[in-house]
Every structure is written in C-alpha cells, then in structure tokens.
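The structure appears right after this line, and notes come after that.
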Amino acid sequence: MKLESAFFDRDVLAVASELVGKLLVRKFDDGSVIKLRIKETEAYRGEEDKACHASKGKTPRTEVMYSHPGSIYIYLIYGMYWMLNIVTEKENIPQAVLLRAAGEYDGPGKLTKALKITKEFNNFNISNCPQIWIEDDGYIHRIKTLPRVGIDYAGQEWASKQWRFVDKNKN
DNA sequence: TCTCCGATTCACT
DNA sequence: GTGAATCGGAGAA
C-alpha cells in the first residue's frame, strides 16, 4: 500500500524509524519502475536542532520544510550531490527525514544519482506524485540507532543524538 | 558583490 | 588516512 500524507503527519523520529524497511518506488519517464527497500534514514527535527537547516529559520531554501507533511525537500551538497528528504509534521513545524540508503545504493548521493532525483522534485509531495512514492508491503522492520553523520558543526549535544536509523539486516 | 563552507564520494598515498 | 571536486545558500560588507 502506498503511504498517504497522514503517515508523515507525525513526529519526525517516528516517521524516520518506521520508513526503514518500506519500499521507495521510482517511476522513470520511460515507464520503467524500480522499488528499493529503505535501509537507512536520519531525522532532522525543527529549528532547535542545530544540525537541521531550519535552525537558521525560514529562508527560501528551508521554506519547504515548513510546508505540509509528505513534501519533498531536495538540496545540493558539496556542489555535487542531491539529498532527498521527506518533510514531516504539520505546516510551520520544520522537520524532515533524510533518505541515506535504499536497495543496493549505500549513501544519499548514490541513491539520488541512481534514482535520477534532482531539484526538480523539490516541493513535490511524495503521497501525491506519479514519479516517486513509498509503499508498505508488510515487511517487519528491525532497526538500530546511531548518531547522525557529517554534522559535527552542530555541536556535541546535537551531533551525539541517535537520530540515524539503520536496518539491522543491512550488509 | 564577496567569502565561507557543507546532511558526500572517490581517488590517492 | 588525506584531499579534491564543485556550486549555491547564507551572512557579511
């Protein structure tokens, strides 16, 4: 079953942990479809989270994080890689889940490259988009939690939070 | 305008 | 283990 926007209208920590094990589905322009089991996610939680882009407040870039649940937040990192995020919680609560790994693609940059995801998808809604969506096929997920990656600049308090969720069966 | 630097990856040593 | 690639957002000037 396809995940509806109600699934994303909850706290980012619940959504990020439950997304592990779900199927990320991508339909390409030529009609071909691939489904990838989500293996790793990270949660970014509001303006108080110094690792979250929204910690700087509402800007043109972070505006999509303040919009309705299920919105897709795409941004370019290191001038080379697109990051794929899904917004959670109601309007004006800036939270998002970063998809870090799915199927055989281990790493957020590799994932978006394989899925041909670019900034065109920014602000789309994953519960209402014919090109990308998420399905629940009943897979029972088992996860472990780890600190988030690449956010030392946010300070020890935030960098040490166990807000990365990884499939226990990964590898 | 100008400067700094990042939610990464890969090639090298 | 170290460093380069590469560019747009954010803040300073």
Practice task
Answer yes or no for this row: A:Tyr153 ring on B:dG6 base, centroids under 5.5 Å, planes under 30°.
Solution key: no
Handout entry: A:Met83 CE - B:dC5 P separation (whole Å)
Key = 20 Å
Practice task
Take A:Ile126 and A:Ile134 through the test side-chain contact (heavy atoms from CB on, under 4.5 Å) and record every step on the way to the result.
Solution key: CA-CA 7 Å; A:Ile126 202 153; A:Ile134 294 174; 3.9 Å; yes
Exercise for the section: Would you mind reading off the distance between A:Lys119 atom NZ and C:dG9 atom C1', rounded to a whole angstrom? Expected result: 12 Å
Problem - Stem segments of DNA chain B by first residue number [Watson-Crick or G-U, under 3.5 Å, at least 3] - result: B:1-6 with C:7-12, B:8-12 with C:1-5
Practice task
Mark yes or no for a side-chain to base donor-acceptor pair under 3.5 Å between A:Tyr75 and B:dA7, with no hydrogen or angle criteria applied.
Solution key: yes
Problem - Sugar-phosphate, base or nothing in reach of A:Arg61, heavy atoms under 4.0 Å - result: sugar-phosphate
Problem - Under-4.0 Å side-chain N/O to phosphate OP1/OP2 contact, A:Tyr81 with B:dG6 - result: no
Handout entry: C1' gap between B:dA7 and C:dG1, integer Å
Key = 22 Å
Handout entry: Residues, nucleotides or ligands: over 12 heavy atoms within 6.0 Å of A:Lys58 NZ
Key = yes
Practice task
Round to a whole Å and report the spacing from NZ of A:Lys50 to P of B:dG6.
Solution key: 16 Å
Handout entry: Atom pair distance, as rounded to whole Å: NZ in A:Lys56 and P in C:dG8
Key = 17 Å
Practice task
Take the protein atom CE of A:Met65 and the nucleotide atom P of B:dA7, then report the distance between them rounded to whole Å.
Solution key: 10 Å
Exercise for the section: Evaluate side-chain contact (heavy atoms from CB on, under 4.5 Å) for A:Ile74 paired with A:Ile117, printing each intermediate quantity in order. Expected result: CA-CA 8 Å; A:Ile74 304 285; A:Ile117 299 290; 3.4 Å; yes
Exercise for the section: Establish, with yes or no, whether the OP1 or OP2 oxygen of B:dC10 is under 4.0 angstrom from a side-chain nitrogen or oxygen of A:Lys110. Expected result: yes
Handout entry: Neighbour count >12 (heavy atoms, 6.0 Å) for atom CG, A:Asn128
Key = no
Exercise for the section: Rounded to the nearest angstrom, tell me the gap between atom CH2 in A:Trp82 and atom P in B:dT9. Expected result: 15 Å
Practice task
State whether a side-chain donor-acceptor pair under 3.5 Å links A:Glu47 with A:Tyr66.
Solution key: yes
Problem - Criterion salt bridge (Lys or Arg N to Asp or Glu O under 4.0 Å) against A:Glu135, the qualifying member of A:Lys22, A:Lys35, A:Lys2 - result: A:Lys35
Practice task
State whether A:His53 places a side-chain N or O below 4.0 Å from either non-bridging phosphate oxygen (OP1 or OP2) of C:dG9.
Solution key: no
Exercise for the section: With a 4.0 Å heavy-atom cut-off, tell me which residues in residues 90-104 of chain A come close to DNA chain B, sorted by residue number. Expected result: A:Leu98, A:Arg100
Fill in the blank from the handout: A:Asp152 atom CG is separated from B:dT8 atom P, nearest whole Å, by 11 Å
Completion exercise
Rounded to the nearest 0.5 Å, the CD atom of A:Glu120 sits from the CH2 atom of A:Trp82 at a distance of 9.0 Å
Handout entry: A:Phe165 six-ring face occupied by A:Arg100 cation (under 6.0 Å, within 45°)
Key = no
Practice task
Look at all strands and tell whether A:Met80 reaches a base, only sugar-phosphate, or nothing, counting heavy atoms closer than 4.0 Å.
Solution key: base
Handout entry: Verdict with reasoning, A:His53 to A:Tyr75, per ring-ring contact (aromatic ring centres under 6.0 Å, His included)
Key = CA-CA 10 Å; A:His53 291 162; A:Tyr75 69 92; 4.6 Å; yes
Practice task
Verify the neighbour count for atom NZ of A:Lys116: are there more than 12 heavy atoms of other residues, nucleotides or ligands below 6.0 Å?
Solution key: no
Problem - Side-chain N or O of A:Thr59 closer than 4.0 Å to phosphate OP1/OP2 of C:dG9 - result: no
Practice task
Let me know the distance between CZ of A:Arg148 and C1' of B:dT8, rounded to the nearest Å.
Solution key: 17 Å
